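First the structure, in the form of structure tokens, and then the observations on it.
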Amino acid sequence: MNPPLLQVNGLKTYFNTPAGLSKAVDGVSFSLQPGETMAIVGESGSGKSITALSIMQLVPEPAGYIESGTISFDGQDLLDLTWEQMRSIRGRQISMIFQEPMTSLNPVFTIGYQIREAMLTHDKFKGESATSRARSLLERVGMPSPNKVLRQYPHELSGGMRQRVMIAIALANEPRLLLADEPTTALDVTIQAQILTLLRDLQRDTGMSMLLITHDLGIVSQVADKVAVMYAGQIVEQSPTNTLLSNPLHPYTQGLIASLPSRSRRGQELYTLEGVVPPPTRWPAGCRFHDRCSKRLQICDSQMPLATKYDDTRSVSCHLYPAQEMAGNQERLK
Amino acid sequence: MTTGYKGLENSVRNDSDAPVLEVRAVSKQFPVRTGLLGRKEFHTAVDNVSLSIKQGKTLAVVGESGSGKTTLGLMVLDLLEPTSGEILYRGQPFSSRSGSNKRALRREMQVVFQDPYASLNARLTVREALTEGMIIHKIGDGPQDRERRALELLEHVSLPAETLDRYPHEFSGGQRQRIAIARALSVEPGFILLDEPTSALDVSVQSQVLNLLLKLQREFNLTYLFISHNLEVVSYLADDVAVMEKGRIVEQGPVDDIFDRPTQAYTHRLLAAIPRIGSSLT
């Protein structure tokens with residue numbers, strides 16, 4: 001296997017809050033191959049967005065900070081870089097798109113200016129070539145009449161069109177890794193399908209890797225090669241997409257899939273995960289899922305389960321699967 | 001348990017063939033001003049829509065943003081007057097109601113909104129939120145009886161009795177949505193408009209709220225108009241579905257018919273776009 005493009009190891013991102021120390025991301029490890037798409041799924045407050053912001057080193061300071069861990073991109077630990085060095089990676093090698101295309105664009109500049117700005121900041125394309133490249137980027141993201149859009153302002157575009165512009169900006173410098181944080185949540189379902197298809201096609205053409213953050217298992221099924229399920233700041237299960245959806249291991253993953261409404265379940269009571277995700281300032285002791293778990297063992301409220309290799313492609317953090325421990329994960333016990 | 005919940009107009013309620021709600025050829029136009037001189041033009045948000053729902057059933061209205069489903073919902077609640085057409089509740093047109101008759105309508109028709117963070121008054125305790133409607137509609141014999149009713153409502157939505165003295169900010173999104181549902185039930189309605197009631201909720205909380213809505217519908221024989229863009233939720237909860245596009249209903253019928261045999265291109269596109277587990281992008 002090739003060396004991974006991105007390797008995150010034991011990442012902990014904490015926040016000082018009035019309610020106490022919030023361990024938003026608490027020991028997350030995963031890796032991503034070139035050209036691969038990994039989805040991080042989880043409910044609000046599980047730490048999936050903060051994981052992406054940590055990779056970009058855009059965690060809101062001073063409240064938030066990276067406590068420990070490594071984020072190795074193309075063999076280099078991003079956490080060792082200076083602010084200036086990181087700045088040259090951000091937007092050039094790693095780009096990010098967000099959920100809200102309404103608020104991510106600057107309302108007082110034209111679309112053309114904002115796409116050119118992304119390129120000029122990184123000096124890759126200049127002058128006239130920047131404008132023509134902006135035009136071809138807009139064509140590439142399926143924008144009708146790109147020449148006109150270059151002169152338009154964000155408010156003149158619909159949500160789907162703005163998200164296309166955001167993707168064009170993110171791709172301006174041909175990044176090797178795209179972080180997409182709920183890129184279609186604010187969009188209508190037909191537009192969502194267009195954007196997801198676009199992302200997949202662009203990825204196929206450019207060979208970039210993608211980290212997709214979502215709460216929608218249907219989207220995961222359509223787009224991702226593999227999935228990490230996050231709960232309470234940790235990854236509880238990692239698996240190839242098809243295996244995860246057909247044969248989930250962790251009781252939390254099983255519960256999430258079982259609680260989805262569908263036509264075949266009409267009129268029947270849906271499975272429910274009792275309770276709510278606990279606040280990140282007060283994670284429960286032991287397994288963080290134990291008080292909501294239907295398969296709880298005695299050990300679960302006192303001892304945190306380690307990430308365990310279930311087979312060649314899957315790992316799970318749950319006492320129901322007491323196999324040999326994955327190397328390098330001992331520190332999660334702390 | 002005894003519910004303390006007795007419906008209005010019981011004799012009418014048992015007549016299951018007559019529609020509870022009937023929307024007849026309703027349109028709504030909004031004036032839009034264009035240009036400096038303000039030439040007046042009209043935008044047709046809802047265009048000649050007809051539908052009806054029977055007692056104890058759920059009709060879903062689906063469509064994308066701007067399709068007119070929220071405008072339709074506001075008219076059904078009598079919060080917005082149609083430009084043309086007529087809406088009837090239990091056979092009686094809205095337009096013929098006034099005074100106490102209108103107040104009775106307000107009591108019969110309740111609503112649960114999408115965003116439980118915005119739909120509860122932050123300054124009212126849960127007790128006040130649950131009893132306010134009872135006071136207005138003269139339900140219950142004095143404060144003690146209303147308190148008893150409020151406690152029963154909390155039991156129905158599976159919230160503990162301590163909830164009464166708390167404020168909305170102390171609760172999670174799912175708990176707030178339960179409070180909003182209890183508030184809707186507090187005046188013993190026959191009909192509830194559900195406007196995207198689970199869109200703001202996490203998956204695990206969504207299933208709790210959906211279960212609750214089904215349970216309450218069976219218990220109180222409630223009629224639901226369910227506005228949603230989530231077709232998976234619609235196919236789970238609704239009996240019938242109406243598909244809206246640009247203010248018009250392009251197709252309506254039983255969920256199975258529409259989902260299995262859509263006749264309109266737009267319905268096709270909408271169904272094809274649902275990211276289902278096991279489906280693939282085209």
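Proteins get letters first, then strands, A, B, ... in listed order; numbering begins at 1 in each. As the structure is a computational prediction, the values presented were derived from the model and not from experiment.
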(request) With a 4.5 angstrom heavy-atom cut-off, could you sort out which part of B/Ala238 is near chain A: side chain, backbone, both or neither? (result) backbone
(message) Does A/Lys148 have more than 12 heavy atoms from other residues, nucleotides or ligands lying within 6.0 Å of its NZ?
(response) no
(message) Check this for me: B/Lys57, atom NZ, are more than 12 non-hydrogen atoms of other residues, nucleotides or ligands nearer than 6.0 Å?
(response) no
(request) From the options B/Val234, B/Val233, B/Asn230, select the one residue that forms a side-chain contact (heavy atoms from CB on, under 4.5 Å) with A/Pro261. (result) B/Val233
(message) Using a 6.0 Å cut-off, check whether atom CZ of B/Arg123 has over 12 heavy atoms from anything other than its own residue.
(response) no
(message) With a sphere of 6.0 Å drawn around CD of A/Glu156, does it hold more than 12 non-hydrogen atoms of other residues, nucleotides or ligands?
(response) yes
(request) Please report the closest heavy-atom contact between B/Ala273 and A/Val189, naming both atoms and the distance. (result) O-CG2, 3.4 Å
(request) Look up atom CG in B/Leu201 and atom NE2 in A/His215, then write down how far apart they are to the nearest 0.5 Å. (result) 10.5 Å
(request) Establish, from distance only, whether the side-chain atoms of A/Ser259 and B/Gln206 form a donor-acceptor pair under 3.5 Å. (result) no
(message) Distance check, rounded to the nearest 0.5 Å: A/Thr241 atom OG1 versus B/Ile277 atom CD1?
(response) 10.5 Å
(request) Quick one: pull up CG in A/Leu270 and CG in B/Leu212 and give me the separation to the nearest 0.5 Å. (result) 12.0 Å
(request) Could you pull out the closest heavy-atom pair between B/Ser235 and A/Arg263, with the gap in Å? (result) OG-N, 3.2 Å
(request) Can you tell which part of B/Leu214 gets under 4.5 Å to a heavy atom of chain A, answering side chain, backbone, both or neither? (result) side chain
(request) Count the heavy atoms belonging to other residues, nucleotides or ligands that lie under 6.0 Å from CG of B/Asn211, then report whether that count exceeds 12. (result) yes
(message) For a quick test of reading the model, state the closest non-hydrogen atom pair linking B/Glu64 to A/Thr190 and the distance between them.
(response) OE2-OG1, 2.6 Å
(request) Under 4.5 Å, counting heavy-atom pairs only, tell me which of B/Ser279, B/Gly278, B/Ser280 racks up the most with chain A. (result) B/Ser279
(request) Name the member of B/Arg276, B/Gln175, B/His229, B/Gln217 that forms the most heavy-atom pairs with chain A at distances under 4.5 Å. (result) B/Arg276
(message) Do the side chains of A/Arg266 and B/Asp256 get close enough for a salt bridge, i.e. N-O under 4.0 angstrom?
(response) yes
(message) Around atom CZ of A/Arg200, are there more than 12 heavy atoms from other residues, nucleotides or ligands closer than 6.0 Å?
(response) yes
(message) Given heavy-atom pairs under 4.5 angstrom as the criterion, report whether the side chain, backbone, both or neither of A/Gln194 touches chain B.
(response) neither
(request) Check whether B/Leu270 gets within reach of chain A through its side chain, its backbone, both or neither, counting any heavy atom under 4.5 Å. (result) both
(request) Could you point out which residue of A/Leu260, A/Leu273, A/Thr272 forms a side-chain contact (heavy atoms from CB on, under 4.5 Å) with B/Ser207? (result) A/Thr272
(message) Below 4.5 Å, heavy-atom pairs only: which of A/Ala258, A/Ser262, A/Ala193, A/Gly45 has the largest tally toward chain B?
(response) A/Ser262
(message) Quick check on A/Val220 against chain B: is it the side chain, the backbone, both or neither that has a heavy atom closer than 4.5 Å?
(response) neither
(message) Counting neighbours of CZ on A/Arg282 that are heavy atoms of other residues, nucleotides or ligands and sit closer than 6.0 Å, is the number greater than 12?
(response) no
(request) To the nearest 0.5 Å, tell me how far A/Tyr231 OH sits from B/Ser204 OG. (result) 7.5 Å
